[in-house]
Student: 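One structure, as structure tokens, below. Some questions next.
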Amino acid sequence: MTQEKPAGLPDKIRHFIDGKDVDSVGGEEFEVLNPVTNETYIMAASGQKADIDLAVAAAKRAFEEGPWPKMRPRERSRILHKVADIVESRDEQLAQFESFDSGLPITQAKGQARRAAENFRFFADLIVAQHDDTFKVPGVQINYVNRKPIGVAGLITPWNTPFMLESWKLGPALATGNTVVLKPAEFTPLSASLWGEIFREAGVPDGVFNLVGGFGESAGDSLVKHPDVPLISFTGESRTGQIIFGNSAPFLKGLSMELGGKSPAVIFDDADLDTALDATVFGVFSLNGERCTAGSRILVQRGIYDEFVERYAERTKNIVVGLPSDPKTEVGAIVHPEHYEKVMSYVEIGKSEGRLIAGGGRPEGFPEGNFVAPTAFADVAPDARIFQEEIFGPVVAITPFDTEEEALELANNTKYGLAAYIWTSDLKRAHNFAHAVEAGMVWLNSNNLRDLRTPFGGVKASGLGHEGGYRSIDFYTDQQAVHITLGTAHFPRFGAGN
Ligand code: NAD
């Protein structure tokens, strides 16, 4: 089973430092695999400390000597809108790169390019509308906030929807006048290789955007430990977040962390069952299940449990698994053989922890590559590993409950707290449950639909801090308080002898 390489592939994926595409100083490279065949289809420069040092030096120079941080918001905004225009105009190529490299179905990769452009537009508009506080103490003081960019921001991103998630950090970091070093995920470096050209074409000055590819343990680690990088915005696994938190501690860096999840979708027996079914199938199997906010634990009230499980099984079995490039495909190939092994190991664990109602291994007709049949387990106990641990693939655990109290206990019974989806037609119950559930984001009678103004992030092991809207602006800026005395200053005169 093969699919054609997308048109316009570079000969190699390189770093982008100070406006130029460059190899690693020491020439290090790594192999990038096609998830459909697991054959190497391109080589990528593998960043080491020396490469991070060069990128940070360029970003520091651009911050201290270049025009970017001093530009009027409108000027930066115009450039960032141009970035969005270019991203949109390359929608087709981006989608093809993303789909080929990550195994995402092509139809879903297309949505990612549009969302990436929107992330730039949103923050480009926000900084023009940005205003800061002034406080008056009548006759005594006027105090105001002098907001300023912080410096070189280190951005570390994962492989699921990589281009879109990179834009989620690049948009606000650049809009606020910082310069950046991006370290994209090693499993999916292809789409990120387009950024350099996009920024150059849009008129972003050299050194403002830098990218160093490679592994977390080398490139990522060097970025986190670089003393000239005061901010790290990280999205990835909770375990990696803990390591980065520890490594940042000696430098007291500003940290924003968007981490793992095991989000509950809670369906009460008064819910609109047809819509809840559509949403919970899409909520866990879209993006190949490689989705931080996937509703991967479905909790269903006893009265509708049997019917729900039966219908869910039927729908799951009908999901179209196929080549990522095929527009009919609903679930493509898992990103990388390492991750495929992890997902498959949970499929096996699940067989002794729950009742297999759909999938359970490789889909028929896919003897090679990282294909997993959409898999659902029913009757899963809360202490099961497939209930507690993030699988990050097309695998779901379904568990019954009797009362609202029991549903809440089950929903909160994991270390994670990213998202929650509640399905009920009882208004009071919906809000009370939403307020009590331990999740950074809640959707009532809806799938994950984002409003970029709202806070995005998790509680417990799912994250640290929130980004989104003005919270992103706050993370990427310092708010200096400037105090002006209006009247006569009154304070004790030490040493004046009275
Ligand atoms: P990961 O933690 O393995 O890697 C993420 C990034 O961190 C990669 O670029 C990697 O190279 C880098 N990295 C790894 N070790 C590092 C180290 N010691 N120092 C510095 N950088 C290091 O995560 P992943 O497997 O790429 O992504 C999947 C995870 O991301 C899942 O847990 C998922 O839930 C989470 N995620 C969360 C959100 C969110 O918004 N909360 C969004 C998407 C993905």
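These values consider heavy atoms only, across backbone and side chains, with no hydrogens, waters or symmetry-generated copies. Start at 1 and go down the list; that is how both ligands and their atoms are numbered.
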Student: What are the atoms of ligand 1, with element, lying closer than 4.0 Å to any heavy atom of Asp221?
Tutor: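 The atoms of ligand 1 under 4.0 Å from a heavy atom of Asp221 are 19 (N), 20 (C).
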Student: Could you identify the single nearest non-hydrogen protein atom to atom 10 (C) of ligand 1 and state the distance to 0.1 Å?
Tutor: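 Minimum-distance protein heavy atom for atom 10 (C) of ligand 1 reads Glu186 OE1, 3.5 Å.
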Student: Measure the distances from the heavy atoms of Ala219 to every atom of ligand 1 and state whether one is below 4.0 angstrom.
Tutor: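 Distance cut 4.0 Å: Ala219 fails for ligand 1.
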Student: Do Lys110 and Glu98 sit within salt-bridge range, that is, some charged N less than 4.0 Å from a carboxylate O?
Tutor: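 Salt bridge flag = no for Glu98 with Lys110.
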Student: Just need the protein heavy atom nearest to atom 34 (O) of ligand 1, so name the residue and atom and give the distance.
Tutor: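 Of every protein heavy atom, Glu390 OE2, 2.6 Å lies nearest to atom 34 (O) of ligand 1.
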Student: Going by the order shown, which atoms of ligand 1 are within less than 4.0 Å of some heavy atom of Gly220?
Tutor: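 The atoms of ligand 1 under 4.0 Å from a heavy atom of Gly220 are 19 (N), 20 (C), 21 (N).
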Student: For atom 4 (O) of ligand 1, state whether the nearest protein heavy atom is under 4.0 Å away.
Tutor: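 No, there is none.
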Student: If I apply the N/O under 3.5 Å rule, does Trp159 come out as touching ligand 1?
Tutor: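 Yes - when backbone and side-chain N and O of Trp159 are compared with those of ligand 1, one distance drops under 3.5 Å.
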Student: Run the salt bridge (charged side-chain N to carboxylate O under 4.0 Å, His left out) check on Asp278 and Arg315 step by step: do they pass?
Tutor: CA-CA 9 Å; Asp278 286 345; Arg315 287 286 290 274; 2.9 Å; yes
Student: Would you say Phe187 contacts ligand 1, with heavy atoms under 4.0 Å as the rule?
Tutor: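 No, Phe187 has no heavy atom closer than 4.0 Å to ligand 1.
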Student: N/O of Glu217 under 3.5 Å from N/O of ligand 1, yes or no?
Tutor: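 No, no N or O pair falls under 3.5 Å.
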Student: Would Ser238 count as being in polar contact with ligand 1, using the rule that some N or O on each side must be under 3.5 angstrom apart?
Tutor: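 No.
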Student: Is there a polar contact, in the sense of an N or O pair closer than 3.5 Å, between Gly216 and ligand 1?
Tutor: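 Among all N and O atoms of Gly216, at least one is under 3.5 Å from an N or O of ligand 1.
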Student: Please determine, by modelled atom types, if Ser238 and Lys415 share a side-chain donor-acceptor pair under 3.5 angstrom.
Tutor: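 On atom types as modelled, these side chains do not qualify, holding no pair under 3.5 Å.
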Student: Check ligand 1 against Phe234 and write out every atom of the ligand that is under 4.0 Å from a heavy-atom position of the residue.
Tutor: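 Close to Phe234: 2 (O), 5 (C), 6 (C), 7 (O).
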Student: Find all atoms of ligand 1 within a distance of less than 4.0 Å from any non-hydrogen atom belonging to Asn160, and give their numbers and elements.
Tutor: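 Listed by number with element, the hits are 43 (C), 44 (C).
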Student: Quick one: which ligand 1 atoms are inside 4.0 Å of a heavy atom on Phe456?
Tutor: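 The atoms of ligand 1 under 4.0 Å from a heavy atom of Phe456 are 40 (O).
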Student: Please name the residue in the list Phe97, Phe16, Phe163 that meets the ring pair (Phe, Tyr, Trp, His ring centres under 6.0 Å) test with Trp195.
Tutor: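 Between Trp195 and the candidates, ring pair (Phe, Tyr, Trp, His ring centres under 6.0 Å) is satisfied uniquely by Phe163.
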Student: What atoms of ligand 1 come within less than 4.0 Å of a heavy atom belonging to Leu418?
Tutor: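 So the atoms of ligand 1 that pass are 41 (N).
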Student: For atom 42 (C) of ligand 1, what's the nearest protein heavy-atom neighbour? Residue, atom name and distance, please.
Tutor: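 Protein heavy atom with the smallest distance to atom 42 (C) of ligand 1: Cys292 SG, 3.0 Å.
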Student: Under 4.0 Å, heavy atoms only, figure out whether ligand 1 is touched by the backbone of Thr161, its side chain, both or neither.
Tutor: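 The answer is neither.
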Student: Taking only heavy atoms of Ile244 into account, list the atoms of ligand 1 that are under 4.0 Å away from them.
Tutor: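 What qualifies from ligand 1 is 19 (N), 20 (C), 21 (N).
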Student: Is the distance between the ring centroids of Trp159 and His339 under 6.0 Å?
Tutor: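 Yes, close enough.
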Student: Among protein heavy atoms, which lies nearest atom 2 (O) of ligand 1, and at what distance?
Tutor: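 Looking only at protein heavy atoms, the one closest to atom 2 (O) of ligand 1 is Thr240 OG1, 2.6 Å.
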Student: Among all protein non-hydrogen atoms, which one is nearest to atom 18 (N) of ligand 1, and what is the separation to 0.1 Å?
Tutor: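 For atom 18 (N) of ligand 1, the nearest protein heavy atom is Ile243 CG2, 3.8 Å.
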Student: I'd like to know if Asp125 and Arg121 make a salt bridge, using a cut-off of under 4.0 Å between side-chain N and carboxylate O.
Tutor: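 The answer is no: the pair does not qualify as a salt bridge.
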Student: So, applying side chain to side chain donor-acceptor pair (under 3.5 Å) with His15, which one of Ser193, Ser46, Ser24 is it?
Tutor: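 So the option named by the test is Ser24.
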Student: Between Asp474 and Arg147, does any side-chain N to carboxylate O distance fall below 4.0 Å?
Tutor: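 So Asp474 pairs with Arg147 through a salt bridge.
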Student: In terms of residue, atom name and distance, what is the protein heavy atom nearest to atom 27 (O) of ligand 1?
Tutor: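 Result for atom 27 (O) of ligand 1: Pro158 CB, 3.2 Å.
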Student: Walk me through whether Lys12 and Asp21 qualify under salt bridge (charged side-chain N to carboxylate O under 4.0 Å, His left out).
Tutor: CA-CA 10 Å; Lys12 195 210 281 184; Asp21 295 297; over 6 Å; no
Student: So, Ser286 and Arg291: side-chain donor and acceptor under 3.5 Å apart, yes or no?
Tutor: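 Distance-only check passes for Ser286 and Arg291.
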Student: Which ligand 1 atoms, with their elements, are less than 4.0 angstrom from a heavy-atom of Lys183?
Tutor: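 Contacts of ligand 1 toward Lys183, numbered from 1: 8 (C), 9 (O), 10 (C), 11 (O).
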Student: Between Arg90 and Glu201 (salt bridge meaning N to carboxylate O under 4.0 Å), is one present in this structure?
Tutor: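 Looking at Glu201 together with Arg90, the answer is yes, because their closest N to O distance falls below 4.0 Å.
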Student: Purely on distance, is any nitrogen or oxygen of Thr157 under 3.5 Å from one on ligand 1?
Tutor: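 N/O-N/O distance under 3.5 Å: yes.
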Student: Output all residues satisfying salt bridge (Lys or Arg N to Asp or Glu O under 4.0 Å) with Glu338, sequence neighbours left out; order by chain, then residue number.
Tutor: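 By the salt bridge (Lys or Arg N to Asp or Glu O under 4.0 Å) rule, Glu338 matches no residue at all.
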Student: Given Asn370, which partner from the list Ile334, Val335, Val36, Leu33 fulfils the side chain to side chain contact (heavy atoms under 4.5 Å, CB included) test?
Tutor: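 So the option named by the test is Ile334.
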Student: When you measure from atom 35 (C) of ligand 1 to every protein heavy atom, which one gives the shortest distance, and what is it?
Tutor: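 So the nearest neighbour among protein heavy atoms is Gly236 O, 3.3 Å.
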Student: Can you see whether Arg239 engages Gln242 through a side-chain donor-acceptor pair at a distance of less than 3.5 angstrom?
Tutor: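 Result is yes, a qualifying pair exists.
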Student: How far is atom 12 (C) of ligand 1 from the closest protein heavy atom, and which atom is that?
Tutor: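 Minimum-distance protein heavy atom for atom 12 (C) of ligand 1 reads Ile156 CG2, 3.6 Å.
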Student: Does an N or O anywhere in Asn247 fall below 3.5 Å from an N or O of ligand 1?
Tutor: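 There is no such contact.
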Student: Could you tell me whether Arg200 and Glu197 have a side-chain N and a carboxylate O separated by less than 4.0 Å?
Tutor: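 A salt bridge links Arg200 with Glu197.
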